[in-house]
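One-based numbering, in listed order, for ligands and for the atoms of each. Numbering starts at 1 and runs along the sequence shown.
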Amino acid sequence: MAYPVSAACYVVLAAVVVVYAQRHSQQESHIHYAQLGTDVTLQCGSVDRDAAVTWTANSTDLDASHLNGSRLVLRNVDLSHSGQYSCYEGSSWHLKYRVNLKVGTPPKEPALMCRSNNYPSGFYCSWHMPIPTYIPDTFNITVMHDSKEIVCDMDVSLKNRCYIRYLHLFSSKKYKVTLTVTNALGSSSTSISFDEFAIVKPDPPENVVAKPIPNNARRLLVTWQYPSSWPDPDSFPLKFFLRYRPLIIDQWQHVELSDGTTHIITDAYAGKEYIIQVAAKDNEIGTWSDWSVAVHATPWTEEPKHLTTEAQGAETTTASTSAFHPLYLTRPRSPAEEVPDSPERLSLLLFCTWSEGRVPFLFIAALPGRPSPPPKKKVQGGPGSPPARPPTCHPTNYKLSRNFAKPPD
Ligand SMILES: *[C@@H]1O[C@H](CO)[C@@H](O)[C@H](O)[C@H]1NC(C)=O
Ligand SMILES: *[C@@H]1O[C@H](CO)[C@@H](O)[C@H](O)[C@H]1NC(C)=O
Ligand SMILES: *[C@@H]1O[C@H](CO)[C@@H](O)[C@H](O)[C@H]1NC(C)=O
């Protein structure tokens with residue numbers, strides 16, 4: 001029973017849709033895409049070639065020099081020719097045709113790159129148009145691995161980016177990614193292929209902080225954190241690369257660190273503001289991250305009045321307190337090590353006590369002649385040199401020396 005009724009309904013509905021569409025097309029704009037620099041001829045709908053018509057662009061009348069019969073001819077169009085064009089019968093206001101002209105270019109090869117900043121979870125591919133086309137482009141990306149296609153999930157928040165989960169880790173088969181961009185004027189594509197390991201590049205380290213070390217005119221304490229996008233630091237540890245320079249000097253100094261997220265700069269120029277950045281890389285695979293956001297710090301600066309007072313107080317404290325002896329550290333000096341100047345000699349001890357936060361400040365400042373810990377190995381070229389360990393304050397690394405326990409005469 002229901003069948004004939006609903007069938008009749010569909011017929012009526014279809015008729016309404018057709019009529020609506022016909023009437024609408026009279027009023028609604030068509031879209032005409034034209035390539036930059038070409039000549040464009042717009043036809044006044046189904047109006048006769050020789051009929052007398054008036055054309056407007058954005059509601060402004062165009063003069064007759066642009067006409068060939070009822071057709072509008074635009075020569076060597078540029079972007080400013082885009083707009084709404086309307087054609088009226090004779091000089092009446094009876095609209096015969098309306099078209100939206102959009103001037104643009106066919107796409108050039110899109111720029112495409114893929115990167116894993118969250119190894120071993122997956123990787124993403126992102127792309128952009130090196131030259132704008134000025135008209136809507138659609139992208140089609142295909143990812144092939146081991147002759148199977150893998151779905152690349154579009155990013156909902158970031159335009160032109162999609163994600164792939166690794167289905168097989170440690171695969172020796174290459175990934176091949178093809179991106180095709182299409183618009184009304186043409187299409188173009190780019191293909192890249194790569195190994196799983198080659199595209200691993202972490203995000204830069206986060207929360208980089210550089211601080212002066214109290215009573216140390218030549219030291220800066222730098223700390224940072226793993227990039228939060230790196231999912232498994234335990235299984236895939238990162239190594240780090242630190243660069244620093246005084247603001248007034250253009251040349252960077254570099255230190256590579258195989259582990260840890262802290263480093264003490266021991267050779268800063270006293271009183272100079274430093275700029276410091278850190279980069280990260282997987283210990284074995286991939287490439288270095290970009291540099292972290294630059295942080296600035298100036299080593300602690302001594303105030304002369306202050307120092308005298310501290311030195312006075314320290315003498316008495318030191319003489320009577322044997323419990324602090326493990327802090328008087330020294331270690332055999334290698335020939336390569338420079339002999340530090342006076343404030344530098346205090347540095348190791350000062351840092352140790354400061355970081356443990358227990359030893360009185362006054363006591364510390366009175367101990368001259370103590371060698372500084374080994375300077376970190378300087379890396380000349382860039383990533384790839386052997387790592388240096390951060391100095392520790394553990395007494396077993398150093399020879400205890402009673403000599404230094406004596407306060408200066
Ligand atoms: C008008 O269009 C016709 C047909 O496309 C062409 O042959 C003729 O040269 C055009 N006239 C002008 C003045 O451009
Ligand atoms: C029509 O208006 C648009 C938007 O204001 C403008 O960009 C375009 O150049 C105009 N086109 C013409 C032919 O005046
Ligand atoms: C994208 O390209 C692939 C391979 O060229 C094709 O099979 C697929 O149908 C295209 N997808 C779309 C949405 O055009």
Side-chain angles (χ1 to χ4, degrees), residues 27-88 95-114 124-129 132-156 159-164 174-194:
Q27 289 144 25
E28 277 282 298
S29 292
H30 299 85
I31 296 179
H32 184 107
Y33 291 99
Q35 185 168 344
L36 204 66
T38 59
D39 296 343
V40 175
T41 301
L42 298 175
Q43 198 118 14
C44 183
S46 55
V47 167
D48 198 78
R49 281 197 167 199
D50 302 319
V53 297
T54 307
W55 279 92
T56 63
N58 288 353
S59 310
T60 304
D61 280 16
L62 294 172
D63 71 69
S65 67
H66 293 103
L67 298 180
N68 180 341
S70 64
R71 291 175 297 168
L72 178 67
V73 180
L74 302 169
R75 304 229 174 262
N76 188 20
V77 291
D78 58 37
L79 297 177
S80 72
H81 284 95
S82 296
Q84 194 180 61
Y85 290 81
S86 305
C87 170
Y88 299 90
L95 178 65
K96 286 308 223 181
Y97 189 70
R98 178 168 281 173
V99 63
N100 215 331
L101 179 68
K102 290 181 193 267
V103 178
T105 61
K108 291 266 188 308
E109 282 171 24
L112 169 66
M113 74 99 171
C114 299
Y124 70 84
C125 295
S126 67
W127 56 90
H128 68 271
M129 298 301 292
T133 63
Y134 309 107
I135 56 175
D137 301 308
T138 58
F139 297 94
N140 180 0
I141 188 163
T142 54
V143 180
M144 302 294 293
H145 179 242
D146 201 6
S147 58
K148 280 194 284 288
E149 186 171 346
I150 314 176
V151 178
C152 199
D153 295 316
M154 292 305 294
D155 190 304
V156 286
K159 232 180 98 199
N160 296 352
R161 188 187 274 236
C162 67
Y163 285 95
I164 285 118
K174 280 188 186 300
Y175 288 83
K176 184 176 184 199
V177 180
T178 303
L179 177 73
T180 302
V181 53
T182 307
N183 70 20
L185 300 172
S187 86
S188 178
S189 49
T190 299
S191 278
I192 54 174
S193 70
F194 49 83

Quick one: [atom1] on [X] to [atom2] on [Y], what's the gap to the nearest 0.5 Å?
| X | Y | atom1 | atom2 | answer |
| --- | --- | --- | --- | --- |
| Glu149 | Thr178 | CD | OG1 | 9.5 Å |
| Asp61 | Ser86 | CG | OG | 10.5 Å |
| Asp137 | Asn183 | CG | CG | 5.0 Å |

Inset, instruction - Could you say whether the N/O atoms of Tyr85 and ligand 2 ever approach to under 3.5 Å? - result: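 Min N/O separation from ligand 2 is not below 3.5 Å for Tyr85.
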Legend entry - Under 3.5 Å: N/O of Asn58 near N/O of ligand 2: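 For ligand 2, there is an N or O atom that lies under 3.5 Å from one belonging to Asn58.
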Legend entry - Under 2.5 Å between SG of Cys125 and Cys114: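 Taking the criterion (SG atoms under 2.5 Å apart), Cys114 and Cys125 satisfy it, so yes.
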Inset, instruction - Examine distances only and state if a side-chain atom of Ser70 and a backbone atom of Asp50 form a donor-acceptor pair shorter than 3.5 Å. - result: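 Judged by distance alone, no pair lies under 3.5 Å.
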Legend entry - Distance flag for atom 9 (O) of ligand 1, protein heavy atom under 4.0 Å: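 Flag for atom 9 (O) of ligand 1 set to false, no protein heavy atom closer than 4.0 Å.
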Inset, instruction - Please check atom 2 (O) of ligand 1 for a protein heavy-atom neighbour under 4.0 Å. - result: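 For atom 2 (O) of ligand 1 the answer is yes, since some protein heavy atom falls inside 4.0 Å.
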Legend entry - Contacting atoms of ligand 2, where contact means under 4.0 angstrom from a heavy atom of Ser80: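 Atoms satisfying the 4.0 Å criterion: 8 (C), 9 (O), 11 (N), 12 (C), 13 (C).
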Legend entry - Asn58 versus Thr60, side-chain donor and acceptor atoms under 3.5 Å: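 No - no donor-acceptor pair under 3.5 Å links their side chains.
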Legend entry - ligand 3 to Asn140 polar contact by distance, N or O atoms, under 3.5 Å: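 Between Asn140 and ligand 3 (N or O atoms, distance only) the closest approach is under 3.5 Å.
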Inset, instruction - Do me a favour and list the nearest non-hydrogen protein atom to atom 7 (O) of ligand 2 with residue, atom name and distance? - result: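 Among all protein heavy atoms, the one nearest atom 7 (O) of ligand 2 is Ser82 O, 4.7 Å.
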Inset, instruction - Distance to 0.1 Å, residue and atom name: give those for the protein heavy atom nearest to atom 4 (C) of ligand 1. - result: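 Ranking protein heavy atoms by distance from atom 4 (C) of ligand 1, first comes Arg71 NH2, 3.4 Å.
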Inset, instruction - Would you tell me which option among Val73, Asp39, Asn68 has the nearest heavy-atom contact to atom 13 (C) of ligand 1? - result: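 That would be Asn68.
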Inset, instruction - Begin from the C-alpha positions of Asp63 and Ser65 and carry the test side chain to side chain donor-acceptor pair (under 3.5 Å) through to its verdict. - result: CA-CA 6 Å; Asp63 71 69; Ser65 67; 2.5 Å; yes
